[in-house]
Amino acid sequence: MLWEGDLVYQMNLALQVHTNLLLVDLGCRIGVYSVWAAAVGRPVLAAESDPTYITLMQKTIRANGLDSYITLLANSLSDSRQQATGPTQQPVTKRGMDKFLVHSICLDDLTPLVAGIAVYLRMDARYGHPRVFSCASVFFRAVSVKIIQMEWVGHSGANRDLIAEIMTGYGYTMSTRSTVQTVENMKDSKDVFFLRTSS
């Protein structure tokens, strides 16, 4: 069984419908989405801040010969450029450390890497906080983001409302599917999709 197989399936459907999409996978963790997209020949820009996941992702990329498809950034996403510390998923026992230093970047910082390219944007809950969008106006003007998949389960009702309002302002409608707008059970959805409705 594939982790989040139903959501990987939704991404795969979108990649079949939009044959030119690049995956931008923010909070890629061990790379389930990134590796899948690369394995079907899609270029991927992935970002992860946890060193444990970065190491696992690097090993997976090498083991599957996907170096030419996946660019991995060791950054977190925020509303400003800063250095921050965060807990690792696994304690680094050799040095007795359970925290790490990471450079956070804004969505706007990714613009030069994907400007003018059609993008499927996947955002882990850690990267989908409403404040992230306060540093994203250049990104959304310069990048052709067709579909955004966002982990929804970790957001409060107020954050959900704010994110939906921001995405509407950027020309997106919310859906429970990646290729067709649907709104059933939006409140109980683990992930939601924002589909581009205007240019």
*Using modelled atom types only, decide if a donor and an acceptor are shared between the side chain of N64 and the backbone of L66 within a distance under 3.5 Å.*
no
_Donor-acceptor under 3.5 Å (S104 side chain, S80 main chain)_ = yes
*Are side-chain heavy atoms of M174 and W152 found at a separation under 4.5 Å?*
yes
_Rounded to the nearest 0.5 Å, what separates atom CZ in R196 from atom OG1 in T173?_
10.5 Å
*Does R122 come within less than 4.0 Å of E151, counting only side-chain N to carboxylate O?*
no
*F139 to T111 - nearest heavy-atom pair and separation*: CA-OG1, 3.3 Å
*For N20, does its backbone N or O pair with a side-chain atom of H18 as donor and acceptor, under 3.5 Å?*
no
*Would you say I61 has more than 12 foreign heavy atoms packed within less than 6.0 Å of its CD1?*
yes
*Rounded to the nearest 0.5 Å, how far apart are CD of Q149 and CZ of F193?*
4.0 Å
_Gap between atom OG of S175 and atom CD1 of I148 - 0.5 Å precision_ = 12.5 Å
*Basic-acidic side-chain contact under 4.0 Å: D67, R62*: no
*Between P130 and L162, which heavy-atom pair has the shortest distance, and what is it?*
CB-CD2, 3.6 Å
*Group every Ile, Leu, Val, Met, Phe, Trp and Tyr by side-chain heavy-atom contacts under 4.5 Å, then state whether M11 and V40 land in the same group.*
yes
*Check for a donor-acceptor pair, side chain of S49 on one end and backbone N or O of S76 on the other, with a separation under 3.5 Å.*
no
*Closest non-hydrogen atom pair, N12 against W36*: OD1-NE1, 3.1 Å
*Shared ILVMFWY cluster between I117 and L113, side chains joined below 4.5 angstrom?*
yes
*For the residue pair G27 and D124, what are the closest heavy atoms and their distance?*
O-CB, 3.5 Å
*asked:* Between Q10 and R177 (side chain of the first, backbone of the second, donor and acceptor by atom type, cut-off under 3.5 Å), is there such a pair?
replied: no
_Approximate separation, where rounding is to 0.5 Å, of D25 CG and I70 CD1_ = 9.0 Å
*Counting N and O atoms only, with roles assigned by atom type, does the side chain of T197 sit under 3.5 Å from a partner on the main chain of G171, one being a donor and the other an acceptor?*
yes
*Atom CD1 in I163, atom CD in E165: separation rounded to 0.5 Å?*
11.5 Å
*Using modelled atom types only, decide if a donor and an acceptor are shared between the side chain of N75 and the backbone of H103 within a distance under 3.5 Å.*
yes
*Any chain of hydrophobic side-chain contacts (each under 4.5 Å) joining L107 to V138?*
no
_Using a 6.0 Å cut-off, check whether atom OH of Y69 has over 12 heavy atoms from anything other than its own residue._
no
*asked:* As an exercise, state the distance from CG of D108 to SG of C135, rounded to the nearest 0.5 Å.
replied: 4.5 Å
*Side chains of Y33 and E4: does their closest heavy-atom pair fall under 4.5 Å?*
yes
*Check whether more than 12 heavy atoms from other residues, nucleotides or ligands sit under 6.0 Å from atom CD of Q16, and answer yes or no.*
yes
*Locate the shortest heavy-atom distance separating C106 from L77; write the atom from each residue and the value.*
C-CD1, 3.7 Å
*asked:* So which atom in L195 and which in S178 form the shortest heavy-atom distance, rounded to 0.1 Å?
replied: CD2-O, 3.2 Å
